[in-house]
Structures are given as C-alpha cells and as structure tokens.
Amino acid sequence: MCGIVGCIGKKQACPIVLDGLRALEYRGYDSAGVAVIDSNNSAQLFKQVGGVENVARLINSSKKPVKSTVAIGHTRWATHGQPSIENAHPQTNQSKTIFVVHNGIIENYSEIREKLIGQGYKFISETDTEVIPQLIDYHLKKAKSFEQAFIKTLGELRGAYAIVALTTEEPDKLFAARLSSPLVIGVADEELIVASDPAAILAHTKQVVYIKDYEMVVVDSKSYKIHNYLKDTTVKRGTEELDFDSEEFSKAGYPTYMLKEIFEAPATIKSATLGRIRLDPPLVKLGGLERVSSQLKFIDRLVIVGCGTSFYAGLVGEYLIEEIAKIPVEVQLASEFKYRDEPFSRSTALLAISQSGETADTIAALKKVEDYGILRLGVVNNVGSTIARMTDAGVYCHAGPERAVASTKAFISQVVVLAEIALYLSNGTSKLYKPLLSELELLPGKAAELLKQTETIKRIALKYKDDRDFLFIGRHYLYPAALEGALKLKEVAYTHAEGYAAGEMKHGPLAMIDPSFPTLALATDSPQLEKTYSNIQEIKARNGRVVAIATEGNKHIESVADDVIYMPQTAEQFQPILAATVMQLFAYYIAEARGVNIDQPRNLAKSVTVE
Ligand code: M6R
C-alpha cells in the first residue's frame with residue numbers, strides 16, 4: 001500500500017520521482033504528492049487528490065519553475081483520513097522545513113500527537129504520518145543534527161514504516177528508515193533513488209541495496225550510509241543486481257496490466273517449472289528446499305497461511321499435499337492465524353504464501369511462530385521481499401512482476417509451485433508422481449490453447465454483465481477455484497459474488513437462486529462431475545441461470561447449462577489452474593463492460609502492508 005520515491009543526484013529529480021510514482025501507482029492511487037528543495041534552499045510542495053498525473057499537471061502549471069536535484073514523492077492508499085490534499089503526503093512540520101513520505105502505520109500516533117499538541121504543535125491532517133515531521137521538528141530543537149533528531153524520532157514510533165525525509169536544514173541529503181515495510185536504494189551513475197519497490201528504480205539502474213528492519217540510511221548525491229539504530233552500529237552493505245527487465249513492467253501493447261498478466265499464463269506455468277522438473281527419470285528438484293531437506297523428512301503437519309488469492313491457492317495446496325505427499329495440512333487466513341492460541345509441535349512447519357512477500361498479516365503470522373523453533377517456509381513471487389527473507393527456506397514462483405491489483409498469474413504460479421512441493425515431499429512415492437510431472441510439462445501448451453477461446457469467453461461474460469449477484473460452485477479441487485473466481489469478479493467488476501462448495505447448495509445457498517442470481521459452475525471432468533450435474537439441475541429447477549466451465553468434448557453439459565465455456569482436458573489436480581484463467585477473463589470482460597478501472601479497483605491496493 002502506498003508508494004514512496006526519493007531522488008538525489010546531478011539530474012533534475014522531479015521527473016525521476018514522478019516516473020517512479022507512476023511505476024508504483026498500482027500500490028495506492030487515491031492521492032499523491034511531491035516535495036522539492038531548489039538550489040536556493042527554497043522548498044515547494046505539490047499535492048493532489050487522485051492519481052500521479054494530477055500532481056504532474058500541478059507541477060507543470062507551477063508559476064515558479066520546478067528545478068531541483070533532490071525530491072521526494074508519494075502515492076497514497078488512505079489508512080488514516082480520507083483522500084484529501086491535507087492528508088496526502090508529503091506531510092510537513094508547521095514551518096514547512098521538514099517533508100516526510102511514509103508507508104505503513106504509526107500505531108501510537110495519537111499519543112505522540114497529544115504530547116506535541118501539549119507542546120504547542122498544531123496538526124492539519126488526519127494522518128498518522130504528520131506526527132513524524134512534527135516529532136523530528138521537536139527533537140531538532142535539542143539535537144545536534146537532523147540525523148540525530150531523525151533517530152530519536154524513530155525510537156518513539158511504534159508500528160510499521162518505510163520513511164523518507166527531506167529537509168531544508170540539510171538539503172543535500174535524504175534520510176530514510178524502515179521497520180516491517182520495504183525500502184530499497186537504487187545506485188545509478190548520476191543519482192541515488194530511495195523507493196518502496198524496485199519498480200520505481202528499474203528504469204535508472206539495476207544496482208540496489210535492500211534496507212532491513214531498524215536501519216536508517218542517509219543518502220547524498222553520490223553515496224549512502226546505513227546505520228542500525230537499534231544496535232547503534234554502522235552497517236556495510238554493497239549493492240546487488242535486480243534480475244528483472246523494465247519490459248516486464250510495461251503493458252506490452254495490452255490495454256491493461258490485468259489482461260497482459262492473464263495472457264502470461266502459459267509463460268508463468270513454464271517458468272514456475274523451469275529447471276525444477278524432469279521426466280526421464282521423473283524428478284522434482286527444488287533448490288530452495290534442499291538445505292532443509294533433512295528437517296522436512298520429520299514434518300508431520302503443515303500449516304499454510306496467506307491472504308486473498310494466496311489463501312485460495314493454499315487451499316488447493318492443501319488438497320495437493322495431502323493427496324500426493326500424505327502430510328496433513330491446515331490452511332489458515334493469515335489475518336486470523338495470529339489471534340489463535342493453538343499448540344505447535346516441533347514437527348509442524350509453517351508455509352507462508354504471498355505474491356508480494358510484503359503482506360502485513362502474513363508477515364505477522366510468520367513473526368508469531370518465530371520463537372516456536374518450527375520450520376518456516378515461503379512460496380513467494382517477489383524476489384528479495386520481506387517474507388522471502390524472513391523464511392528459513394522456500395520456493396519462488398518466478399511469475400515476474402504482477403502489476404494489476406487483481407492477482408492472476410500469481411495464483412497460477414502458486415498452485416504450480418505447491419504441486420511441485422507436494423511431489424517433492426512425496427519423495428517419488430506417490431503413484432501420481434510420474435503422471436502429474438508429465439501433465440505439468442503439457443500444461444503451458446494447454447493454457448495457450450485455452451486463451452484462444454478468449455472471444456467466446458468474452459461473448460458469454462457480456463451476457464451476464466448486468467447481473468448484480470453471482471454464485472461460483474465447485475467440488476474438491478474446484479472448490480477453492482470457485483472461491484478464487486468469486487473474488488476476481490468482486491474485486492474487478494464490483495459484482496457481489498460468493499464461492500461455495502457445490503455440496504453445500506442444499507444447506508442454504510440454494511435459497512438465493514432465482515432468474516436474477518446466476519451461477520458459474522465448475523463442472524470439468526472428475527470423479528465428482530455427476531454430483532455437480534445434480535447441483536446444476538437443482539439450480540435450473542429453480543429458474544436459475546448457469547454458466548458451466550467444462551472439459552472439451554463434454555456435449556452433455558450443453559443440455560443442462562445455459563452457457564458452456566470449454567477448457568482443455570487436464571488432471572483434476574491442475575484444473576484450478578486452467579479454470580482460473582477462464583474466470584479471470586470472465587471477470588475482466590464484465591469489468592470492462594462496466595467501464596471501471598480494472599488495474600486499480602476502487603478502495604484496494606496491490607500490496608497490503610498494513611494489518
Ligand atoms: O501479495 P499477497 O499474495 O500476499 O497478497 C494477498 C492478497 O492481498 C491478494 O491476493 C489480494 O487478495 C488480491 N487483490 C486478489 O486478487
């Protein structure tokens with residue numbers, strides 16, 4: 001949530017910050033702002049409600065030309081206070097000499113605010129962030145330097161933050177710090193860029209330094225200095241090279257990131273299996289799990305945690321790991337996991353699933369078991385992210401950057417990786433080992449075949465564009481797939497949708513069915529298909545309309561469902577992968593027909609870094 005960028009160097013900083021904010025806009029987009037300090041030490045602040053372009057326009061129309069080699073900027077997803085100019089970042093002190101952009105939440109902000117009000121400070125925003133520049137201002141009165149006042153302030157903040165500060169006191173420096181919220185520095189030839197996400201840096205350099213918890217960094221136009229403010233030690237850390245291309249961050253000719261990412265399904269499956277599976281002799285090799293392989297032999301229970309789409313992928317993983325590796329699995333919402341007081345034995349492992357690797361609830365779940373001494377594993381897409389770094393071992397999804405708020409290719413890669421983990425844990429003992437490996441090899445081709453039906457899926461989706469409610473049903477592997485399909489329709493098309501286990505219909509949901517409440521039934525070939533037919537018949541008997549997703553060649557389904565979308569035959573374990581693509585396209589075209597902002601649905605943000 002929220003994106004932050006700061007730039008200092010030889011070039012004009014404002015265009016670099018604005019470009020960085022555009023690249024981060026997928027993280028938050030309800031208001032934005034930029035602060036600069038020019039060579040006369042005069043500060044300018046630009047803030048607007050809405051997207052980054054609104055701020056860019058404001059800057060372009062400024063009477064005083066904006067010329068500066070140092071700037072900070074922010075694109076916001078509101079937590080404290082609604083989207084407004086006052087609440088947008090940068091937040092400042094009263095004399096407007098200190099400017100701060102912030103991601104995360106300051107939990108004790110009202111306490112600090114009260115204390116500062118008692119000292120005569122006035123606040124103009126409803127944000128938690130405003131306490132940061134004001135508190136720095138307060139400490140600056142006694143501190144020897146801005147750096148010292150900054151560190152003193154950090155010592156008083158509780159919560160999660162990535163902060164970048166700019167001040168007229170020392171306009172040739174940026175001051176930044178992190179605690180439980182990502183922060184990275186890009187080191188280019190002519191400038192240094194501080195950002196919450198490498199996406200803001202990639203156009204300028206691939207050389208980056210990741211900042212860790214309790215570290216603050218002072219950046220000037222040529223160098224950076226890291227200090228651990230908890231231990232009061234200097235940290236020496238060199239740069240590392242980012243391993244993705246700026247091309248991966250573009251829409252590549254597609255109208256939206258979501259459509260581009262849906263169409264990346266075949267490549268996504270391929271790269272999640274690349275170098276990991278072999279057919280002759282059949283073998284799954286997961287380098288990321290090798291160093292804990294001996295510990296994994298003693299695991300007799302696996303708890304999977306995740307949020308949203310990652311949680312639903314975890315539910316598919318539960319079926320896969322139990323069926324293939326015969327290890328009992330329990331999947332929990334990360335946001336609930338942390339409240340439970342359940343017993344853990346040392347032979348339990350925790351597996352966190354996350355596309356971004358920065359989801360606050362999932363991080364909190366991992367933190368909760370920190371002292372239990374249990375193995376903590378990760379299935380993460382974002383290389384080098386917080387979750388990737390805090391787990392003992394794990395498997396990367398390698399899906400490449402996902403920019404649309406709605407997760408598409410991440411779900412697909414997560415399920416592929418979970419299948420690989422299940423096969424790996426089975427140690428070749430499962431009778432499914434060889435057949436599933438062969439099927440994994442064929443899956444990218446099948447996903448490509450499926451995408452050829454996009455026009456048919458669009459035509460059928462448009463028939464349902466005006467429906468306000470939708471039910472998604474499926475059995476066994478298709479049950480979590482139904483939950484994920486419903487989530488896609490909710491978040492991109494704003495259609496009320498519920499995912500249900502088809503077997504639950506008679507236990508309640510059937511009461512909702514009438515001609516205005518259609519159902520998407522996942523009815524692909526599986527041992528459960530006959531039972532799903534019965535559910536469809538029951539819905540039809542109540543004048544409900546049914547769109548079925550079925551396996552190619554199933555002609556019978558046309559006599560029971562109103563509309564049928566076919567997908568290639570595949571193992572039932574992999575049907576959620578192909579069905580996900582169908583449901584993503586279905587939701588996409590309904591959203592497009594409704595004219596909503598598909599990549600940036602209202603009220604949401606890509607990476608949920610607050611609990
Ligand atoms: O980055 P994560 O996978 O941890 O994110 C979890 C959820 O916030 C995410 O899947 C969310 O539900 C998506 N918007 C779903 O499309």
Side-chain angles (χ1 to χ4, degrees), residues 1-2 26-29 77 103 180-182 196-197 199 256-259 261-262 268 304-317 331-338 351-366 378-391 394-397 399-415 417-418 472 480-481 483-495 497 499 576 580-581 583-588 591 596-611:
M1 341 213 85
C2 306
Y26 71 105
R27 295 177 66 103
Y29 33 81
W77 185 88
N103 277 1
S180 305
S181 191
S196 50
D197 185 325
T256 58
Y257 283 110
M258 183 174 175
L259 197 60
E261 287 158 8
I262 295 173
T268 300
I304 296 181
V305 289
C307 301
T309 291
S310 296
F311 170 72
Y312 297 140
L315 291 174
V316 181
V331 191
Q332 297 190 32
L333 286 165
S335 55
E336 286 297 313
F337 176 80
K338 58 191 177 198
L351 171 68
I353 305 179
S354 176
Q355 186 288 124
S356 61
E358 302 295 349
T359 300
D361 285 317
T362 313
I363 292 172
L366 283 163
V379 169
V380 174
N381 188 36
N382 193 3
V383 177
S385 56
T386 305
I387 295 176
R389 283 160 188 262
M390 70 191 290
T391 42
V395 185
Y396 277 122
C397 294
E402 193 182 62
R403 297 292 305 275
V405 165
S407 218
T408 53
K409 59 177 177 169
F411 176 81
I412 287 173
S413 63
Q414 287 164 347
V415 174
V417 166
L418 288 163
F472 284 65
L483 298 175
E484 167 60 9
L487 176 62
K488 285 294 91 88
L489 192 60
K490 275 186 264 217
E491 73 179 324
V492 299
Y494 313 155
T495 300
T581 297
M583 294 185 291
Q584 289 161 7
L585 287 166
F586 189 82
Y588 181 88
V596 299
N597 183 346
I598 296 179
D599 282 339
Q600 298 174 342
R602 67 184 178 206
N603 308 336
L604 299 182
K606 181 66 182 163
S607 161
V608 186
T609 52
V610 288
E611 293 178 34

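Counting starts at 1 for both ligands and their atoms, in listed order. Nothing here was measured: the structure is a model prediction, and the numbers come from that model.
- Residue G357 places no N or O, backbone or side chain, under 3.5 Å from any N or O of ligand 1.
- Shown here are the side-chain hydrogen bond (donor to acceptor under 3.5 Å, both in side chains) partners of D599, two or more places apart in sequence or in another chain: there are none.
- Of all atoms in ligand 1, numbered sequentially from 1 with element shown, those under 4.0 Å from a heavy atom of A406 are 16 (O).
- The backbone N or O of A334 sits nowhere less than 3.5 Å from a side-chain atom of D361 that would complete a donor-acceptor pair.
- Not a single heavy atom of T362 sits less than 4.0 Å from an atom of ligand 1.
- Taken from OG1 in T408 to OH in Y257, the straight-line distance is 13.0 Å, to the nearest 0.5 Å.
- For atom 1 (O) of ligand 1, the nearest non-hydrogen atom of the protein is S356 OG, 2.7 Å.
- The option with the heavy atom closest to atom 12 (O) of ligand 1, from among G308, G306, S335, is G308.
- Closest to atom 8 (O) of ligand 1 among all protein heavy atoms lies V608 CG2, 3.9 Å.
- Panel note: side chain E358, backbone S385; no donor-acceptor pair is recorded below 3.5 Å.
- Between K488 and ligand 1, a contact under 3.5 Å exists for at least one N or O pair.
- Between the CZ atom in F311 and the CG atom in L333 there is a gap of 4.0 Å [rounded to 0.5 Å].
- Among protein heavy atoms, the minimum distance from atom 11 (C) of ligand 1 is reached at T309 N, 4.3 Å.
- In E491, the part holding a heavy atom less than 4.0 Å from any atom of ligand 1 is the side chain.
- Partners of T256 by side-chain hydrogen bond (donor to acceptor under 3.5 Å, both in side chains), not counting sequence neighbours, listed by chain and number: Y588.
- Counting the atoms of ligand 1 from 1 in the order shown, those under 4.0 Å from a heavy atom of S310 are 2 (P), 3 (O), 10 (O).
- Of the protein's non-hydrogen atoms, the one nearest atom 6 (C) of ligand 1 is C307 O, 3.2 Å.
- Of the possible polar contacts, none joining the E484 side chain to the F411 backbone as a donor-acceptor pair under 3.5 Å is found.
- With L418 as the partner, the side chain to side chain contact (heavy atoms under 4.5 Å, CB included) test is satisfied by one option alone out of L315, V395, I353: I353.
- Of the residues listed (Q355, Q414, K409, E402), the one engaging N381 in a side-chain hydrogen bond (donor to acceptor under 3.5 Å, both in side chains) is Q355, and it is the only one.
- Considering only non-hydrogen protein atoms, atom 4 (O) of ligand 1 sits nearest to T359 OG1, 2.4 Å.
- Numbered from 1 in the order shown, with element, the atoms of ligand 1 that lie under 4.0 Å from a heavy atom of Q355 read 1 (O), 2 (P), 3 (O), 4 (O).
- Below 4.0 Å from some heavy atom of S407 lie the following atoms of ligand 1, by number and element: 15 (C), 16 (O).
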